[in-house]
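What you see is a predicted model, and the numbers here were worked out from it, not measured in a lab. Order of appearance sets the numbers: ligands from 1, and atoms from 1 within every ligand. Computation of the quantities below employed the complete heavy-atom set of this structure, encompassing side-chain atoms and omitting hydrogens, waters and symmetry-equivalent molecules.
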Amino acid sequence: MTLSSTNTSPSQTANSAIVFEQVTKLYSGQAAPALDSLDIEVKSGELVCLVGPSGGGKTTALQLVNRIVDLTSGDIRIGDRSIMDIPAIELRRTIGYAIQQSGLFPHYTVAENIATVPNILKWDKAQVKKRTTELLELVGFTPVDTWLGRYPSQLSGGQQQRVGIARALAADPPVMLMDEPFGALDPITRMAVQDEFLEIHRAVGKTTLFVTHDIDEAIKMADRIAILKPGGMLAQYGTPTEVLTQPADDFVAEFLGAERGLKRLALTTVGEVLAAKSDSEAGLQGIDSPRVESDMTLREALSAVSAAGAQGALVMERRSHLGEVTLHDLVNPPAKAMRALPVEGAGS
Ligand SMILES: Nc1ncnc2c1ncn2[C@@H]1O[C@H](COP(=O)(O)OP(=O)(O)OP(=O)(O)O)[C@@H](O)[C@H]1O
């Protein structure tokens, strides 16, 4: 993937925070709101995942931002402007929107699909061609010429979703809305596309609101996670580490599920546990302990220890021996290690 050729526009430095202020949506004919008094701020350049049970209002929240759905009350601001002060068509041109079904036009080629918004904006031909090439490289379609003339039906599901993401990025919008964009992918392709998207996100830094059913995806991708509960109320808004380690209530704890312990283990590295252990704690006795690198997650280290049938592991950084962790340390990491977790650690 070539990132260097992708221009970032002044939009990335401008304030493109999305602020929900007491946002309520009651669909006509419905007794209860789909979204109830939602207050969240997605800071400029941040990636926020919306998760929650089916019917919790995630898609509604997204579609309120680009005014596919109208607000019942409250306000949404992008930067300093209320979305109500921006004509809907103009608003949609400044927001990239990627959805599960990829939404590609079947009778347009890949190039024509990506160029949809630039063409509406009447960019000149050379500029459109340059941007299309850049974006195809960005989402991993090289050599670009092989792909430009293909139709969506000639692409795999994963490739269609990549083109959908390229199309959403085409006019360099400061804000991206993504509704289960990887939902149709098999697990292996999904992980590859997630990695690619994260790399793109880090390179171009769009303010992104991302709906997913998959809590693992949210933990991997998000700077912060908003968990909605039935009735469209916010149950918790926090970093992946916060929601996993300090669920706000029983609903969140249950929603995150029985695997919560395992997910926590995927957020902490062996090095962090070692740093949090006090010197007075007993060292490891066994000489047959496996070696684990300090940047391994606890989940990976546990696999290594259990595969070796050992009681702990020697922690290495390259070739130097930093110390030891016991099985107990790995299963019950010290609270200090969890608190010390940086937010970025959640994505790895
Ligand atoms: N156009 C509509 N008219 C009436 N009710 C609607 C409409 N769209 C959604 N709803 C209702 O609003 C609530 C929230 O729906 P929404 O699609 O936002 O939830 P969601 O969290 O995205 O669900 P899912 O995870 O199943 O996609 C649901 O009860 C749904 O039935």
Q: Is the shortest distance from a heavy atom of P53 to ligand 1 less than 4.0 Å?
A: yes
Q: Between K43 and D223, is there a salt bridge with N-O shorter than 4.0 Å?
A: no
Q: Would a 4.0 Å cut-off, counted as strictly less than, catch a protein heavy atom around atom 30 (C) of ligand 1?
A: no
Q: For atom 15 (O) of ligand 1, what is the nearest protein heavy atom, given as residue, atom name and distance?
A: T60 OG1, 3.8 Å
Q: Just distances here: any N/O of H213 and N/O of ligand 1 closer than 3.5 Å?
A: yes
Q: Using distance alone, with no hydrogens and no angle criterion, decide if S294 and E317 have a side-chain donor and acceptor under 3.5 Å apart.
A: yes
Q: Below 4.0 Å, non-hydrogen atoms only: which portion of E180 touches ligand 1? Side chain, backbone, both or neither.
A: neither
Q: Of the protein's non-hydrogen atoms, which lies at the shortest distance from atom 17 (O) of ligand 1, and what is that distance?
A: T59 CB, 3.8 Å
Q: Walk me through it: do F182 and F210 pass the test ring pair (Phe, Tyr, Trp, His ring centres under 6.0 Å)?
A: CA-CA 10 Å; F182 313 141; F210 188 114; 5.6 Å; yes
Q: Tell me: protein heavy atom nearest atom 6 (C) of ligand 1, and distance?
A: Y27 CD1, 3.2 Å
Q: Salt-bridge test for D179 and K58: reply yes if a basic N is under 4.0 Å from a carboxylate O, no otherwise.
A: no
Q: Among protein heavy atoms, which sits nearest to atom 23 (O) of ligand 1, and what does the distance come to when rounded to 0.1 Å?
A: G55 N, 2.9 Å
Q: Is R93 paired with E90 through a side-chain N to carboxylate O contact shorter than 4.0 Å?
A: no
Q: Among protein heavy atoms, which lies nearest atom 19 (O) of ligand 1, and at what distance?
A: G57 N, 3.2 Å
Q: Does NZ or CZ of R167 lie under 6.0 Å from the centre of the six-membered ring of Y108, at an angle within 45° of the ring axis?
A: no
Q: Checking a contact table here: which protein heavy atom is nearest atom 26 (O) of ligand 1, and how many Å away?
A: S54 OG, 2.6 Å
Q: With a cut-off of 4.0 Å, which atoms of ligand 1 are near a heavy atom of G56?
A: 19 (O), 20 (P), 21 (O)
Q: Could you see if L38 belongs to whatever hydrophobic cluster contains L62? Use Ile, Leu, Val, Met, Phe, Trp, Tyr and a side-chain cutoff under 4.5 Å.
A: yes
Q: May I ask you to say whether D172 pairs ionically with K206, meaning some side-chain N is under 4.0 Å from a carboxylate O?
A: yes
Q: Hey, does G52 sit under 4.0 Å from ligand 1 if you only count heavy atoms?
A: no
Q: Does ligand 1 come near enough to A34 that some N or O of the ligand is less than 3.5 Å from an N or O of the residue?
A: no
Q: Can you tell me how far CG of L298 sits from OG1 of T268, rounded to the nearest 0.5 angstrom?
A: 5.0 Å
